[in-house]
Trainee: 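I'd like to ask you about the structure that follows.
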Protein chains: 2
Amino acid sequence: MVTATRGRPRSFDRDAALDKAIRLFWRRGYEATSVRDLTEELGIGAPSLYSAFGDKQQLFTEALRVYDERYGGFIDRALADEPTAKGAAARVFAEAPERYTRRDLPTGCLIVSGDAGTASTEIIEHLRRIRDSKVDAFAAKIRADIDAGRLPAGIDPRALGRYTMSALTGLAQAARDGVTRAELDRVAEIALRAWP
Amino acid sequence: MVTATRGRPRSFDRDAALDKAIRLFWRRGYEATSVRDLTEELGIGAPSLYSAFGDKQQLFTEALRVYDERYGGFIDRALADEPTAKGAAARVFAEAPERYTRRDLPTGCLIVSGDAGTASTEIIEHLRRIRDSKVDAFAAKIRADIDAGRLPAGIDPRALGRYTMSALTGLAQAARDGVTRAELDRVAEIALRAWP
DNA sequence: CCAATTTTATAGCGATCGATAGAAAAGGTG
DNA sequence: CACCTTTTCTATCGATCGCTATAAAATTGG
């Protein structure tokens, strides 16, 4: 879309700047990332940032949305592609260690730790809702497998879904603590063994 | 120790004030807890706080130490009391849900989330070291069980220890997200099944 | 009572926070 | 060219951050 508009043209690539903001929020979290940090990293002045992205909270919200599809989407893809819940869990645990320790990208997961140390209840609630939605998605796929007889009837879909996302949270946190990809691979392999 | 000292006596109970500080740091983390929050919660002025506890970082360090023995010590106790590593893991997973959702106490764990959103590398390193030490402790007990033939020789002590603490981290984070004690109980039960 | 000592309350320090006012700059449109 | 619109840069704003100087209050020792 190259709609010719009047006025002075923007001097920076909005999407490239957003990606830099994503990585900064990813690395430090919402609260520890100051507007000054952002303007320096993005190479633009504060008024340009506010004009292009609204305020800090709006920028974070947009960064979250793009992060979820650009960097964090492997969970949703596993749930969509794999035919069974356990297959999705196996794939997620197989991919997570690499996802959480990528070179030239921050460690861990923005959705897991982005709201850490934040006073804003809005930010916390927003991230909690995203996290809960992943538990719901896993629980739904587990329930479908139980109904189809692919999983024993005795298990609790919500608890198993919560366990899976909870174990991923632990992996992401361990990655932030500097645990290597190789060790995370072994931890993830153990985590999968809890599945029936 | 009631050594009669000269000068105006302290008007507050230092240990009671420290406990209030622990709970405040526990609830909000190091960075999101301001000195003003502390002085209001503890009911003392800023100079009294600095005189009694040093600066904010020293107060946090002392709060961490006391928290670890007063509220977080159930992991060390399980490792010390239970004869086997798996017994310690079973007990830790059995106790954690209640520990992370106590009434009249903040949810989750200070050592897991206290450094969240903090810029200070000192604080982050300090907490990472405490977390790593628990992994070491678990790994050592696992290794002892392997040597004694109580666990199969094929397993990786460090990975299994890391998994256990990582799963606990996930439970603590879930508790912070408002997951109920009952659901955490079921999640913890699943987490234990990963153990050989 | 009068010093000496320690803690208290009051007030404010410089730095940084998120956010913005105002004017200059850079483009299209006539 | 002049005019309109939008973005840019510069320079802040009030609020809050961690922290402290100063002096009054409260105790012990003489």
Trainee: Over all strands shown, is A52(A) touching base, sugar-phosphate only, or nothing at heavy-atom distances under 4.0 angstrom?
Mentor: nothing

Trainee: For D115(B), is there an ion pair with R176(A) - N to carboxylate O distance below 4.0 angstrom?
Mentor: no

Trainee: Ignoring backbone atoms, establish whether S11(A) has a side-chain N or O less than 4.0 Å from OP1 or OP2 of dT7(D).
Mentor: no

Trainee: Taking the side chain of Y50(A) as heavy atoms from C-beta outward, which of dT7(C), dA9(C), dT20(C) is closest to it?
Mentor: dT20(C)

Trainee: Please list all pairs meeting side chain to side chain donor-acceptor pair (under 3.5 Å) that have one or both residues in residues 44-59 of chain B, counting only residues at least two apart or in different chains.
Mentor: Q57(B)-E122(B)

Trainee: Give a yes or no on whether a salt bridge exists between E62(B) and R14(B), defined as a side-chain N under 4.0 angstrom from a carboxylate O.
Mentor: yes

Trainee: Any idea which of dC17(D), dT7(C), dA21(C) is nearest the P47(A) side chain?
Mentor: dA21(C)

Trainee: Using heavy-atom distances to pick each residue's nearest nucleotide on DNA chain D, tell me which of G7(B) and V35(B) is more 5'.
Mentor: V35(B)

Trainee: With nearest nucleotides of DNA chain C determined for A46(A) and D37(A) from heavy-atom distances, which residue corresponds to the more 5′ nucleotide?
Mentor: D37(A)

Trainee: P9(B) side chain: which of dT8(C), dA26(D), dT20(C) is closest?
Mentor: dA26(D)

Trainee: Indicate whether any N or O donor in one side chain lies under 3.5 Å from an N or O acceptor in the other, for W26(B) and T107(B).
Mentor: no

Trainee: Rounded to the Å, how far apart are R36(B) CZ and dT10(C) C1'?
Mentor: 14 Å

Trainee: Whole angstroms only, please: what is the CD-C1' distance between E40(B) and dT16(D)?
Mentor: 12 Å

Trainee: Would you check if there is a donor-acceptor pair between the side chains of S133(B) and D136(B) at a distance under 3.5 Å?
Mentor: no

Trainee: Using a 4.0 Å heavy-atom cut-off across all strands, classify T33(A) as base, sugar-phosphate, or nothing.
Mentor: sugar-phosphate

Trainee: What integer distance in Å separates L24(B):CG from dG18(D):P?
Mentor: 11 Å

Trainee: Could you state the NZ-P distance from K56(B) to dA15(C), rounded to the nearest angstrom?
Mentor: 19 Å

Trainee: Quick one: label S120(B) by what it contacts on the DNA or RNA (base, sugar-phosphate, nothing), any heavy atom closer than 4.0 Å.
Mentor: nothing

Trainee: Please tell me if S48(B) has a side-chain N or O lying less than 4.0 Å from either OP1 or OP2 of dT8(C).
Mentor: yes

Trainee: If you check every side-chain atom of R6(A), which of dG28(C), dA19(C), dT5(C) has the closest atom?
Mentor: dG28(C)

Trainee: Can you figure out which of dC19(D), dT8(D), dT8(C) approaches the side chain of F12(A) most closely?
Mentor: dT8(D)

Trainee: Round to a whole Å and report the spacing from CG of L59(B) to C1' of dC17(D).
Mentor: 16 Å

Trainee: DNA chain D: L49(A) or E31(B), which has the more 5' nearest nucleotide?
Mentor: L49(A)

Trainee: Nearest to the side chain of R8(B) - dA25(D), dC17(D), dT20(D)?
Mentor: dA25(D)

Trainee: Counting heavy atoms from C-beta on, name the nucleotide in dC9(D), dG18(C), dC19(D) closest to the side chain of D55(B).
Mentor: dC19(D)

Trainee: Could you state the atom-to-atom distance from CD of Q57(B) to C1' of dG18(D) in whole Å?
Mentor: 12 Å

